[in-house]
Amino acid sequence: MTKTRDNNLKGKVWLVGAGPGDVELLTLKAYRILQSAEVVLYDALISKEIMSVLPETAEKIPVGKRAGKHSVPQDKINYILVEKGLTGKNVVRLKGGDPFIFGRGGEELQAIVKAGLDFEVIPGITAASGTSAYAGIPLTHRDYAQGVTFMTGHCQLKSQPIDWNSYANPKNTLVIYMGILNADLIKQGLINAGRNPQTPVAIVSKATTSEQRTFIGTLSELDRLATHSELVMPALMIIGEVVQLADTLNWYHA
Ligand code: SAH
């Protein structure tokens, strides 16, 4: 496969990470590729500011998914991607955060590879990094956490229960994507596995945008925080002792 920086090369599909929201968190590479896009399939999470980087003439296809509301099934997204790729245009699959973190980017790329299309993957700042930075919560810290785990709290938790014991280490930060609707299961699972109910937790909504909000409490309050009337999606949970650092390190005021 030829690797080139020539944007005029035709028939290529770019899987691009758009970052968590703030347009300035796009990479220079993503910015350059967006400007020469001819067809863009984009997620529900992509901000207006980021969409405005695209050429007016680009064909923009919304394929966004939101919990409980699957507007376009994954097979169909893969199909459109391949169909558009075969036209020989500059096709961008624009995904929130990083394409390879809970974004089904891997599945889309498998379809692209199967169709024999040329492609590139452009990483993005994942929601965990954006949230951590803008909420003043370092995900690791020598005094509080020696590791961090990214996990999904998606609805499949009900049908495919997970082994919470592997997430009970008090010296490990947990970052939970798509977990708001399952906050009660997550809280119970972790407490039953031995995680201290007083462990600090943060739920950060619309991180890195001008509407960012942070809700801080303890693990025993996780379900209550998750149903806060002012909590707007998307939102991410951070669970662990590092959350107490937000008190002093929080710098971003939306
Ligand atoms: N690929 C994306 C994640 C897609 S899963 C990434 O790397 O960030 C979608 C989940 O990401 C949401 O349910 C939410 O938990 C989280 N998320 C995405 N953007 C967010 C933001 N700006 N603020 C808070 N959470 C966000």
Side-chain angles (χ1 to χ4, degrees), residues 14-27 29-30 41-51 62-72 74 77 81 92-109 121-137 139 148-157 173-183 185-187 201-216 222-223 225-228 230-240 243 246 250 252-254:
W14 281 269
L15 195 57
V16 178
D22 183 351
V23 64
E24 290 191 279
L25 295 179
L26 275 177
T27 62
K29 192 163 186 176
L41 283 79
Y42 66 97
D43 277 354
L45 291 178
I46 307 298
S47 69
K48 276 198 213 83
E49 291 80 4
I50 290 174
M51 291 303 288
V63 292
K65 286 190 294 284
R66 276 290 163 85
K69 291 184 219 151
H70 285 247
S71 47
V72 183
Q74 189 62 48
I77 298 176
L81 253 182
V92 170
R93 173 66 175 107
L94 188 57
K95 303 179 75 73
D98 181 89
F100 279 175
I101 296 186
F102 305 128
R104 304 201 191 176
E107 294 169 42
E108 293 174 6
L109 207 52
V121 183
I122 317 299
I125 293 185
T126 189
S129 301
T131 302
S132 149
Y134 280 54
I137 304 173
L139 297 180
V148 54
T149 302
F150 295 172
M151 67 178 293
T152 167
H154 196 251
C155 22
Q156 276 172 346
L157 276 187
T173 306
L174 277 182
V175 179
I176 307 185
Y177 291 69
M178 297 176 279
I180 301 301
L181 298 177
N182 282 327
L185 281 180
I186 294 166
K187 164 185 152 177
V201 301
I203 297 182
V204 184
S205 80
K206 303 198 89 171
T208 81
T209 74
S210 58
E211 295 162 86
Q212 173 174 312
R213 288 283 312 267
T214 303
F215 304 84
I216 289 188
L222 189 66
D223 46 347
L225 293 177
T227 50
H228 194 290
E230 286 162 34
L231 181 64
V232 182
M233 298 297 144
L236 195 77
M237 296 171 175
I238 303 181
I239 301 175
V243 170
N250 176 24
Y252 179 70
H253 301 288

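Not measured: the values here are computed from a predicted model. Ligands are counted one by one from 1 in listed order, and the atoms in each one are counted from 1 as well.
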**Request:** Check K206 against ligand 1 and report side chain, backbone, both or neither, counting heavy atoms closer than 4.0 Å.
**Result:** backbone
**Message:** Measuring from atom CD1 of I203 to atom CD1 of I238, what distance do you get when rounded to the nearest 0.5 angstrom?
**Reply:** 10.5 Å
**Request:** Please say whether T208 places an N or O atom under 3.5 Å from an N or O atom belonging to ligand 1.
**Result:** no
**Message:** Are any of the N/O atoms on A127, whether in the backbone or the side chain, positioned under 3.5 angstrom from an N/O atom of ligand 1?
**Reply:** yes
**Fill in**
The protein heavy atom nearest to atom 14 (C) of ligand 1 is A235 O, 3.3 Å
**Request:** Starting from atom 11 (O) of ligand 1, locate the nearest protein heavy atom and write down its residue, its atom name and how far away it is, to 0.1 Å.
**Result:** Y177 CD2, 3.4 Å
**Item:** Criterion side-chain contact (heavy atoms from CB on, under 4.5 Å) on T126 and F102, from CA distance to verdict
**Value:** CA-CA 10 Å; T126 189; F102 305 128; over 6 Å; no
**Prompt:** At under 4.0 Å between heavy atoms, which part of P99 makes contact with ligand 1: side chain, backbone, both or neither?
**Reply:** neither
**Prompt:** Would you say M178 has any N or O atom under 3.5 Å from an N or O of ligand 1, going by distance alone?
**Reply:** yes
**Prompt:** Hey, does the side chain of S205 reach the backbone of L231 with a donor-acceptor pair shorter than 3.5 angstrom?
**Reply:** no
**Item:** Proximal ligand 1 atoms for I101, defined as those under 4.0 Å from one of its heavy atoms
**Value:** 1 (N), 2 (C), 3 (C), 6 (C), 7 (O)
**Request:** Going by heavy-atom distance to atom 6 (C) of ligand 1, choose the closest among T126, D22, T152.
**Result:** T126
**Request:** Measure across A246 and A135 and return the closest heavy-atom pair with its distance rounded to 0.1 Å.
**Result:** CB-O, 3.7 Å
**Prompt:** Which atoms form the tightest heavy-atom contact between A18 and L94, and what is the distance?
**Reply:** CB-CD1, 3.7 Å
**Fill in**
ligand 1 to F102, heavy atom cutoff 4.0 Å, flagged ligand atoms 4 (C), 5 (S)
**Prompt:** Is a side-chain donor or acceptor of T173 paired with a backbone partner of G240 at a separation under 3.5 angstrom?
**Reply:** no
**Request:** To the nearest 0.5 Å, tell me how far M178 CE sits from M151 CE.
**Result:** 10.5 Å
**Asked** Among protein heavy atoms, which lies nearest atom 22 (N) of ligand 1, and at what distance?
**Response** P20 O, 2.8 Å
**Item:** Options G179, G21, G96, ranked by nearest heavy atom to atom 2 (C) of ligand 1, top entry
**Value:** G96
**Complete:** atom 20 (C) of ligand 1 sits nearest the protein heavy atom P234 CG, 3.6 Å
**Asked** Which one holds for I180 and ligand 1: side chain close, backbone close, both close, or neither close, with close meaning a heavy atom under 4.0 Å?
**Response** neither
**Request:** Kindly give the heavy-atom pair with the smallest separation between L225 and F215, and that separation in Å.
**Result:** CD1-O, 4.0 Å
**Prompt:** Counting each atom of ligand 1 from 1 as listed, which ones have a heavy atom of V204 under 4.0 Å away?
**Reply:** 24 (C)
**Asked** What is the minimum heavy-atom distance between I137 and V243, and which atoms define it?
**Response** CG2-CA, 3.9 Å
**Asked** Does any N/O atom on I176 come nearer than 3.5 Å to any N/O atom on ligand 1?
**Response** no
**Asked** Do side-chain atoms of Y252 reach the backbone of A133 as a donor and acceptor pair under 3.5 angstrom?
**Response** no
**Item:** Minimum heavy-atom distance between T27 and P123, given as atom pair plus value
**Value:** CG2-O, 3.8 Å
**Request:** Before signing off on this row, confirm whether T209 and ligand 1 have an N or O atom pair separated by under 3.5 Å.
**Result:** no
**Prompt:** Tell me, which protein residue and heavy-atom name are nearest atom 21 (C) of ligand 1, and how many Å apart are they?
**Reply:** A207 N, 3.6 Å
